[in-house]
Each structure stands twice: as C-alpha cells, then as structure tokens.
Student: 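Encoded as structure tokens, here's the structure I'll be asking about.
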Number of protein chains: 2
Amino acid sequence: MLKDYDFDDFENEYSDFKTKELGERLSRAQRLIGNLDIPVLIIVDGWESSGKGYVIKDLVKELNPKHFKVSVFETPTEEERTRPFLCRFWNKTPRYGDIAIYDRSFYFKLFNDLSVTDKELEKHIQDISSIEKQLLDDKAIIIKFFLHQKENTQQKRIDELKEDEYRSFMISERDEDQYDHYNDYLEHFDKILEKSDFTFSKWHIVSSEDKEAASDKVLGMSIDLIHEGIDRILGMKNGGLRRQMRDYVPKEKPLSQLNLNLKLDDDEYDKLKDELQMEAQELAFELYTKGIPTVLVFEGVDAAGKGGAIERLTREMDPRGYEVVTISAPSQLERAHHYLWRFYQNFPKEGDMKIFDRSWYGRVMVERVEGLADMEEWNRAYREINEMEKHLSNAGTLVLKFFIYIDKKEQLDRFKDRETEPDKVYKLTDEDWRNREKWDEHIEAMNEMLVRTDTDHAPWVIVEGQQKKYARIKVLKTFIEQARKKIDQLDS
Amino acid sequence: MLKDYDFDDFENEYSDFKTKELGERLSRAQRLIGNLDIPVLIIVDGWESSGKGYVIKDLVKELNPKHFKVSVFETPTEEERTRPFLCRFWNKTPRYGDIAIYDRSFYFKLFNDLSVTDKELEKHIQDISSIEKQLLDDKAIIIKFFLHQKENTQQKRIDELKEDEYRSFMISERDEDQYDHYNDYLEHFDKILEKSDFTFSKWHIVSSEDKEAASDKVLGMSIDLIHEGIDRILGMKNGGLRRQMRDYVPKEKPLSQLNLNLKLDDDEYDKLKDELQMEAQELAFELYTKGIPTVLVFEGVDAAGKGGAIERLTREMDPRGYEVVTISAPSQLERAHHYLWRFYQNFPKEGDMKIFDRSWYGRVMVERVEGLADMEEWNRAYREINEMEKHLSNAGTLVLKFFIYIDKKEQLDRFKDRETEPDKVYKLTDEDWRNREKWDEHIEAMNEMLVRTDTDHAPWVIVEGQQKKYARIKVLKTFIEQARKKIDQLDS
C-alpha cells in the first residue's frame, strides 16, 4: 500500500474548499451523529513527524469541545504494560454521539516493533480486528488514516525539529529510528497495513507531503465517511430484521445432565475445606509472584450460592491480591458505551486476581430473556465474549468461569428461607421472583451460553449447587487444579 | 509516641477472644455500617516488615468480600507521580456502607522521606488533614493504626525474609534503609505521628512484637472504634440541628457591581480574537512543555455563554493538550461517595489542561438552592473546596475560575432565542426555566460563593457576559495573563 504509493498522483478533491468551511461541515456532521447517538472513532496514525498533530488540530477546530475527545497513545506506562493491551484503547472509545480521535492507535505496538514474529503479528491483528468489528457491529463509525511521506521529507522534518529550540524535546527514539531505517519501516508498515485493511474497516493512506493539503483531505474524507457510515447504520437499523440470522442452536443441554445428589458429609467437608483453603492461598500467592493475572467469573441461577462460594474460596488468600467485582445494572455512562466497555476498565494487572460476581454474561442471560438486547445483539455476543476472553488469555490471564446450578424446587426453598431470616432478607428482591417466573427461558439461555462460550482458553465449570458444601469444595478444587496447570505451563 | 512506647506494657484486652470470634464480630459490624450507609476507612501503616499483611488478612477473613476492598499503596507509578498526590488515595476511599483498608496510606511519602523540610512537612500534613477532616464530616469512620516494633525484631524479620527463597523478592529498598537507620526513622516517624495525631483522628500505636497479638488487638479495636464512630455519626444526624452553625455571610455582592454595558465593536473583536487565540495557543504549549497542569473552571448563570467562551478559548490550542469535562448530575456510583470524589478522578497530570464546564461549585449553587445539600453541608463546602483547590495549587497546578454573568432580562431573551432556533433548542431544558424561577436565590448563592472561594491560589474572574464578544475576549485575555504569570513564577 505504501511501496507503490504515487505521491505525484495525490489528488485532493477538497482543495477548492477553505479549511474553515470543511471544519464547519464536520461540525454539522458532529451534530448529526450527536442526534443519532452514533459514536465515531477517527484514527490518525502514520510516520513519525508526518503531521498527525497538525491534521488533528484542523479536524477539531470547529467542533463542539464537549463532544469530542483527542487521545494520544504513547509508549504504554508501567501500569498500562501490565494489563491486556486493548484495555487502554477500549477505555477511550467514544460515547454514543461523540467523536473520539486517536493520535496513533491499537496499531502502536505493531508499527513500532520491527522484529515482531509472524505468529505474534497474527495474534495481535486478530485482537485488533475484534475491537474494530465489535465497535462497528455496535453501530459505530471507524475511520482509519495513515499519513505517508517520502524519506527525504521525513528527514527534513526531523532535522527542522532538531533545530527548533522549543520543540526539539519532542523528538523521540522512534523518530531517530525511522530516520535511520526508512525502508525497513516502509516494508514493515506495508505488511501490517495490508493485513489490517479489513473489508469492514479499510485504511486510508494520505500523503502528508503538503500538510495543509493532507489536513483538508482528512477533513473532507471524514465528512464523507461519516455520512456513508450514517447510511450504513440507518440501513442496519431499518433493514436489520432481514439480516438477523440466528446461529445454529446447539442441541446439548448441559444443565439437564447434572447429578444433583452429590453431597459431602460434615466431617469430610470440614477437613477438606481447611486443607483446600490453605492450598488455594498458596496457589494465589504463586500466581502473584509469577505475575499471572487471574479472572474468575461466577454465574448461576439466583440463590445458587455464588457469594458463599466466593467467600470460601478467598478465605485464606491475601486480600491485597484479589478483588471481588460485583456486577449489576450498568450506569448511565456505561450505557453510553459498548456493553463490554465497562469490563475492560476492570481487568486485572499482572499478578492480580479479579473475581466477578456476575459478569458480561448478563448479555446472553438476563438481557436476552428480558429483551434488553435484541436477538441480533445477544446472538452476536457469544462471539464477542469469546474474543474478549481470548484477548485476556493472549495476555497471559488465567480465565476460569464457574456456573452454579440448583433446581427449581431448591431455589424456592432458599427464597423462602431468605424471606424469613432477617439477616438474609436483603438478598431477596422482586427481580428474583420475576426471574423465577421465567425459569424455563433462563435455563434455555444458560444452556446455550454454556455450550457456545466453553472454550479451551476460558472453560466453564458447571457446579452442582444443590448442597452448598459440595459446591464450595468443587470450586476450591477446580481453582487449585487449574491454577496449578497454568503455573506448570508457564514453568515448562 | 514511639520513642517512649513501652513494649512490655502492651496490653491486649482482646486476648481472651479467639481471632475467628473477633472476625465474626467485625463482620457483624460490617453489616451494621452497611445498613447505615456509613463508609469506614481502616489504615494499617507502620514499619517495614512489621506484619501489616498479616494483620490485614485477619481483619478481612470473615468479612463479606463484596463490601470491603484492600488497597496497597506502593511507591507511586509514573502516572501517579504526575498528579496531585491525594488523587490516588481519594480514588480508593470507601463507598457508603463499605470498608476500605489501606496498606500504607497518604502518609507514605512523608514516612519515607527522611530529608523532608519542615515547610514541606507542614504543607503535606495540611493536605492530609483536609482529606481526613472532609471524610469525617461526610460521616465516615477513619481508624489509623501504626504497627510498631523493636529494632532487633525488625532486623530479625528482615533477615528471615532474606533467607526465604519464595519471599525474599519482597524485600524493598525501604526495608534495607530502615534496617540500617532504625533510630533515624524512629525519630522521623515520631515527628510525623505527633503532627498528624489530630484531635478528630488519632493514631493507634500497636506493638507487633507478637503478630498474633497485634492482629487480635487491631481487630478488637476496629470493632470498638466502629461502634464509637456509629454513635458519633448517629449523634450528628439526630442532634445535628443544634450544631449547625451558619458562618458569617459576607455583605459584599460582587454580581451587583458589574458594568454590563461593556462592549466591543465587531472590527475590534475580530482583530483581537485572532491575535489572542494565537497567543493562548502559545501559552498552552508553554504550560505543556513546562509540565504545568492547568484547571480552568467555567461557571455562570444559565445561557451566559460558557460553551461559546470555551470554544473561542481553545480554538487554536493543540487538542491533544486539553480536555473539556462536562459536569452534570452525579451517577449512582458517584453519589455513593463524598461529593468531591468524582472530581479527584479528573484532575490533570503534568502539562495537561482540564476545562470544567460546571464543576464542584454545584454544591454551593444548585445543590444549595434545591436543597440537595443541607445547610450544614453546603456551608462547610466553601472550606472543603478551598482546601481542594489549595491542594491542586500545592501540586503546581494553575487554577483559574471564570464566572460569566448576564442579567435576568438578557437571559429571557436568550431562552426565547433558543426556543425558536432548531440548532439551539436542545440547549434549553425545563431545568433552565425552573432555575430562572429561583433567580434571586441563585444570585444570593452565587454572590456568597464568589466571595468565600476567591483565593490567591484559585481566583475568581467575574466576566460581564451581556455581550458575548466582550466576554470571550475577557476570558482569552485573562487566561493569557494568568498563564504568563504562572510561567514567570516558575522561571524565576
């Protein structure tokens, strides 16, 4: 894409317009996407010193500052380096109706790593394609620009910067490196650009030989591409029904194959519990010292005993190493983003453990059953969730998901208990009773979820919850077993 | 406090209880504060290797993991170092009804800096006293423990750690330093402990010669102190009325002294605007290169033209350097914290500029007028806000606050304009009309605020807004003048 780029053929069909005029048209487009609640992400990436800052400045000049945000992605900080690499980009995705402009982007690491292996490249591009695809499916507009310039132009610009006493500090190692190895980078960029020129999200290569022309071109194309995007999205919304293809529904019903008579007697339980809690503590410490992040998910039918299982699991663990994240209905800010956005804020850094009491699986359970997500949305969510968990796993995270099940009768007994015991009554809500009325629909959704999101990198562990003691021991044992496996893999 | 500490006299009045029993009593206390929505902050600070981890583990063992959170404060990261030091602590303050446990605390920097000057110490302690006081006034319980041990005990513990192959990596520079200079640290700690042994928030020195005894003591005291705290807070809530002393209300009414006829003609405006915008851009760049963080606050009566003034101010600035933060009603999560909490999440790091479109001043304006904060709360807020801005200023931040005023008739004209212009109609809400009905009360609150929070470190600039052009130029000019002053101060 870059190698055969003809700089002389650069056509700026927007050259008749004044920059200010283009800016005002973009500002009108901003009001339009604001009214339509469509989020827009504009990526301005490219060579060092190719004028990204210049272009971005013109992009936003006429915009309403309340509804755009420019994010600069530099070499990740200590903190950012210890978390899955997409987290910091997810964090800055636009709110519905707003424009986010990225100075550099999720391609940062790839662009700057000449020695990336093909395998790593593949994995990385897959992660990136997942964020782009997920945002697009969520009715976002993504526009990717790459600013391109000739070798001597780049060298001239860096030389000029060096001589500018106020701006010379802005020269980075990356400038120096690209200055010395233009052709290596050219080839490297080309490879990445080709691999990430997705049919659903193309690159736009813009010559920045003349910064003003580049700027007008980026402005003009942004306006056009936003309008194109709006057409696509309104088309999705209106003609959406026809395209809503329901995936094949698996026949398997894991929840109907459980042996709910599994039990432990009290002595056995007391003995096992103490031993296993000490072992779990040791493994948690090992995960910590080895820098392995851990994500544990707890799901289950209401009153299945998630809270109690978490308490028994963490009992002997060092509380500085784990955190329980309780997930309930999303806040207003969270609702103004992709449904996975809020979880990306919460993934653990190296060595930390996050325990989710309910999770992103709400999308394919309660949101499905209650119609809070439409069929197209929850049907697509299985893939999205698998991708997200794959990304965690690519970043070295131990991901383990527990689903605790009790039958309908047992649930009723526990609800009644909760009603009468003053210490527990706060645990029972109207929602619990409402969910119970739709028991069969919930079970259907749960079965499908358990089959479609049970992956090697993030397996489901179905826990027979009829007897609490049995369930708690199974959770402890499974954690120990899987943590050990993870540690052994790393050691070997 | 440490020097004359008699280790032999250490009395553990909780020694008759089993640790588990104490843990369960703390867990009952947790339910109680949960029901009462009281936030509890327990600080466990002390010597290196004095058993903080051991104590904290026992503290939380029987607690409900959904409602406590342990935060470990280590040497601040790159990112943390570039923001006002209290931000990371504010961030981790407990939600109403939850327990936060700090392993180390806001005393971190002071404890570890033997060479701190008296002046720095004074400033730092003042900032710390403000966070403690503000949380306490917000009906929180704060419990501060300092774990104390003898020189030879500490040395023995560090030696043991060194020999433990799994744990030796945990030895920090601070361990080594305290090992070598026990007596210097003893004296240093004593000085800080004495200065921060506030009447409203005392230190509890606990011998950790025997870790189990220390742990029981911390557990037992936490239970007792939480109950004491509950009594204090319920007393505040019930007997509150009597104590609500209204501060002296200043006679000055800055808003009635304005000359609203100030105007610029169009030519003058166009010429000035372009010049000043370029100048503002240059100064923003200088603030950035010099690493000076900037906080700009925009307040004013409804329809005074805050948004337009912000747009004109930032027009030529590099959008990568500033962010506009629009403040509206707090979210559920924000409402579950001290009202200043959400702002501490948003303060700029070195070189960045945050522009607040509305701000924490809502507390003493709309929340006061609408009764969302009671008299005691908003009356206290003036001091709290001054303290917060002082903290920003202590961290080197340029704080500048603009208040734009128009009179009642002009507001009506603008509301009517908004009603009829399709592009502007979204800007006019029912709330605007409601506020207008209480015009006099709002003006009264605004006048008091402008007098009581106009400080050297964070001055108010009252802007005559009757003519938009005049207001915009005044904002630009003032920013330029104050930014230059700040830069000159730093240079000299």
Side-chain angles (χ1 to χ4, degrees), chain A residues 27-28 31 34-35 52-54 56-72 77-80 82 101 103 166-167 169-170 281-282 285-286 289 306-307 310-311 313-326 328-334 355 357 423 426, chain B residues 27-28 31 34-35 52-54 56-72 77-80 82 101 103 166-167 169-170 281-282 285-286 289 306-308 310-311 313-326 328-329 331-334 355 357 423 426:
Chain A
S27 153
R28 278 199 297 278
R31 281 201 293 276
N35 285 327
K52 295 185 286 292
Y54 187 95
I56 290 174
K57 209 178 134 180
D58 275 349
L59 261 179
V60 307
K61 195 175 273 179
E62 306 291 333
L63 297 182
N64 177 348
K66 281 194 202 175
H67 296 290
F68 77 81
K69 167 119 182 65
V70 177
S71 299
V72 184
T77 62
E78 286 166 37
E79 166 93 26
E80 287 166 347
T82 65
I101 295 170
D103 179 337
Y166 293 113
R167 284 165 172 80
F169 76 94
M170 293 167 100
Q281 176 244 304
E282 274 163 39
F285 183 72
E286 251 192 274
T289 58
K306 294 187 297 297
I310 293 172
E311 273 188 60
L313 172 65
T314 58
R315 180 58 56 97
E316 293 294 332
M317 290 181 186
D318 189 325
R320 298 175 294 185
Y322 71 85
E323 185 187 354
V324 177
V325 183
T326 309
S328 47
S331 71
Q332 203 186 350
L333 181 68
E334 289 164 349
I355 302 175
D357 186 339
D423 258 11
Y426 74 94
Chain B
S27 153
R28 277 199 298 278
R31 281 202 294 277
N35 285 327
K52 292 185 287 291
Y54 187 96
I56 289 174
K57 211 177 132 179
D58 275 349
L59 260 180
V60 307
K61 195 173 270 176
E62 307 291 334
L63 297 183
N64 177 349
K66 282 194 202 176
H67 296 289
F68 77 81
K69 167 117 184 66
V70 177
S71 300
V72 184
T77 63
E78 286 166 35
E79 165 93 24
E80 287 166 347
T82 64
I101 296 169
D103 178 336
Y166 293 113
R167 284 167 172 77
F169 76 94
M170 294 169 98
Q281 176 243 305
E282 274 162 41
F285 184 73
E286 250 192 277
T289 59
K306 294 189 295 297
I310 293 173
E311 273 187 59
L313 173 65
T314 58
R315 180 58 56 95
E316 294 294 331
M317 290 180 185
D318 190 325
R320 298 175 295 184
Y322 70 86
E323 186 186 353
V324 177
V325 183
T326 309
S328 46
S331 71
Q332 203 185 352
L333 181 67
E334 288 165 348
I355 301 174
D357 185 340
D423 260 14
Y426 74 93

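All chains are named by letter (A, B, ...) in the order of the sequence lines, taking the proteins before the strands, and each is independently numbered beginning at 1.
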Student: Which bit of A/Thr326 comes within less than 4.5 Å of chain B, counting heavy atoms only: side chain, backbone, both or neither?
Tutor: side chain

Student: Need one label for B/Ile56: side chain, backbone, both or neither, based on atoms under 4.5 Å from any heavy atom in chain A.
Tutor: both

Student: Looking at chain B, which one of A/His67, A/Arg31, A/Glu80 has the largest number of heavy-atom pairs inside 4.5 Å, strictly under?
Tutor: A/Arg31

Student: What pairs with A/Asp318 under side chain to side chain contact (heavy atoms under 4.5 Å, CB included), at least two apart in sequence or on another chain?
Tutor: A/Arg320

Student: Under a 4.5 Å heavy-atom cut-off, does chain B meet the side chain of A/Ile101, its backbone, both or neither?
Tutor: neither

Student: Mind ranking A/Glu323, A/Arg315, A/Glu311 by heavy-atom pairs under 4.5 Å with chain B and telling me who comes out on top?
Tutor: A/Arg315

Student: Hey, what's the ring geometry for B/Phe169 with A/Phe285, parallel, tilted or perpendicular (30° and 60° as the breaks)?
Tutor: tilted

Student: Is B/Phe68 in contact with chain A via its backbone, its side chain, both, or neither, using a 4.5 Å heavy-atom distance?
Tutor: side chain

Student: What residues form a side chain to side chain contact (heavy atoms under 4.5 Å, CB included) with A/Ser71, not counting sequence neighbours?
Tutor: A/Lys69, A/Phe73, A/Lys92, A/Tyr102

Student: Please name the pair of heavy atoms, one in B/Lys66 and one in A/Val324, separated by the smallest distance, quoted to 0.1 Å.
Tutor: CG-CG1, 4.3 Å

Student: Is it true that a side-chain atom of A/Lys57 and a backbone atom of B/Pro319 form a donor plus acceptor pair closer than 3.5 Å?
Tutor: no

Student: What option among A/Glu78, A/Glu62, A/Met317, A/Met170 has the most heavy-atom pairs under 4.5 Å with chain B?
Tutor: A/Glu78

Student: Drop me the distance from B/Gln332's CD to A/Glu334's CD, to the nearest 0.5 angstrom.
Tutor: 10.0 Å

Student: Verify side chain to side chain contact (heavy atoms under 4.5 Å, CB included) between B/Lys61 and A/Glu316, making sure each step is shown before the conclusion.
Tutor: CA-CA 7 Å; B/Lys61 195 173 270 176; A/Glu316 293 294 332; 3.3 Å; yes

